[in-house]
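First comes the structure, then the notes that go with it.
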Amino acid sequence: MNSPKQPLPTFDEVLLCTPQTSAEQVGLFLRRCLIPCQGGDKIYTMLYADELSYDVSCRAQELFQHLQCYNSSYRLIILCNCERENSYLPSAFSHCKVHMIPQRSQADIQQYLQHHFRVAQPSSSAAAVFKEHMCVGIVSSKRAGMGK
């Protein structure tokens with residue numbers, strides 16, 4: 001985010017974990033991260049790793065330890081809820097833990113995201129609905145089921 005020219009992460013660089021995330025999904029993600037290829041300098045991120053089930057977390061740690069020997073220059077970020085830092089995976093990687101405070105203001109982050117999510121040539125697309133021709137937007141309501 002140091003420059004607007006830096007791209008957003010691609011789909012293969014991010015794994016959004018839920019309690020339903022399978023060991024196979026985590027395994028594929030870790031293989032992409034830890035087995036060297038011509039992918040370049042990607043930064044891989046597991047979001048909400050504390051949500052993984054105990055079995056999936058155990059298998060993920062074992063696979064990580066096995067694959068780590070193939071690549072010493074991997075870049076992996078595991079983000080967890082600080083209230084659940086005692087769950088298995090955050091505890092297993094606690095020796096690598098860094099408490100993070102955002103270094104950019106909310107306005108800077110919003111400007112960076114607006115740069116990447118703005119439709120270049122406004123056309124008859126869904127982007128015309130969102131503010132300033134953004135290709136993404138958040139629609140919410142205080143009342144559930146109101147046709148969002």
Side-chain angles (χ1 to χ4, degrees), residues 1-120 126-127 129-145 148:
M1 207 183 101
N2 293 327
S3 164
K5 296 183 192 257
Q6 287 181 311
L8 291 170
T10 58
F11 71 94
D12 64 328
E13 293 177 83
V14 179
L15 178 64
L16 180 60
C17 301
T18 67
Q20 291 75 36
T21 302
S22 69
E24 290 76 20
Q25 290 171 310
V26 176
L28 288 172
F29 179 77
L30 289 174
R31 283 179 178 84
R32 280 196 301 264
C33 174
L34 296 168
I35 295 177
C37 63
Q38 292 108 356
D41 296 329
K42 293 185 175 188
I43 300 173
Y44 293 89
T45 307
M46 288 179 70
L47 297 170
Y48 304 116
D50 53 298
E51 295 280 330
L52 294 172
S53 70
Y54 180 80
D55 292 336
V56 171
S57 295
C58 289
R59 291 177 63 188
Q61 183 196 17
E62 290 170 6
L63 182 62
F64 177 84
Q65 290 174 340
H66 175 72
L67 294 175
Q68 189 178 15
C69 65
Y70 292 105
N71 187 358
S72 62
S73 63
Y74 64 89
R75 299 194 302 176
L76 174 63
I77 298 170
I78 301 174
L79 293 174
C80 302
N81 182 342
C82 64
E83 295 174 3
R84 294 182 41 111
E85 66 185 351
N86 293 328
S87 59
Y88 186 85
L89 211 54
S91 295
F93 289 97
S94 64
H95 63 283
C96 304
K97 180 170 43 175
V98 175
H99 287 281
M100 167 100 175
I101 298 172
Q103 299 297 313
R104 301 287 183 160
S105 68
Q106 183 177 358
D108 288 344
I109 294 169
Q110 288 174 337
Q111 185 177 16
Y112 173 80
L113 293 173
Q114 284 176 351
H115 173 77
H116 286 285
F117 289 127
R118 184 171 286 123
V119 175
V129 175
F130 294 114
K131 181 180 173 183
E132 298 177 9
H133 300 289
M134 295 292 135
C135 62
V136 296
I138 297 174
V139 178
S140 65
S141 172
K142 295 184 190 288
R143 295 173 51 189
K148 297 179 289 297

* Can you tell me how far the CD atom of Glu62 sits from the SG atom of Cys58, to the nearest 0.5 Å? -> 6.5 Å
* Taking all non-hydrogen atoms of both residues, which atom of Cys33 and which atom of Leu76 are closest, and how far apart? -> SG-CB, 3.8 Å
* To do: Provide the closest heavy-atom pair for Ala60 versus Leu30 in the form atom of the first, atom of the second, distance.
  => O-CD1, 3.5 Å
* May I ask you to decide if Asn81's main-chain N or O and Asp50's side chain share a donor-acceptor pair within less than 3.5 Å? => yes
* Asked: How far apart are the closest heavy atoms of Arg32 and Asp12, and which atoms are they?
  -> NE-O, 3.1 Å
* Structure fact -> Shortest non-hydrogen pair, Thr21 vs Thr18, comes out as OG1-N, 2.8 Å
* Any sub-3.5 Å donor-acceptor pair from Arg59's side-chain atoms to Ala23's backbone N or O? -> no
* Between the main-chain N or O of Cys17 and the side-chain N or O of Glu51, is there a donor-acceptor pair closer than 3.5 Å? -> no
* Structure fact -> Value for OG (Ser22) from CG (Asp55), rounded to nearest 0.5 Å, stands at 12.5 Å
* Could you walk me through whether Ser73 and Asn71 pass the side chain to side chain donor-acceptor pair (under 3.5 Å) test, one step at a time? => CA-CA 6 Å; Ser73 63; Asn71 187 358; 3.1 Å; yes
* ring pair (Phe, Tyr, Trp, His ring centres under 6.0 Å) partners for Phe29, two or more places apart -> Tyr44
* Any chance OH of Tyr88 has more than 12 other-residue heavy atoms, nucleotides or ligands included, within less than 6.0 Å? -> yes
* Asked: What distance do Leu16 atom CG and Leu47 atom CG have between them, rounded to the nearest 0.5 Å?
  -> 6.0 Å
* **More than 12 heavy atoms of other groups within 6.0 Å of Gln111 CD** => no
* Structure fact -> For Arg75 and Lys42, the nearest pair of non-hydrogen atoms, with its separation, is NE-O, 3.6 Å
* Under the ring pair (Phe, Tyr, Trp, His ring centres under 6.0 Å) test, which residues partner Phe93, sequence neighbours left out? -> Phe64
* To do: Any chance you could lay out the side chain to side chain contact (heavy atoms under 4.5 Å, CB included) test for Leu34 and Tyr74, step after step, and finish with the verdict?
  => CA-CA 6 Å; Leu34 296 168; Tyr74 64 89; 3.4 Å; yes
* Structure fact -> Value for CG (Leu52) from CD1 (Ile78), rounded to nearest 0.5 Å, stands at 9.5 Å
* Asked: Taking atom CD1 of Ile77 and atom CE of Met46, what is their separation to the nearest 0.5 Å?
  -> 12.5 Å
* Between Gln25 and Val56, is a side chain to side chain contact (heavy atoms under 4.5 Å, CB included) present by the stated rule, with each step listed? -> CA-CA 10 Å; Gln25 290 171 310; Val56 171; over 6 Å; no
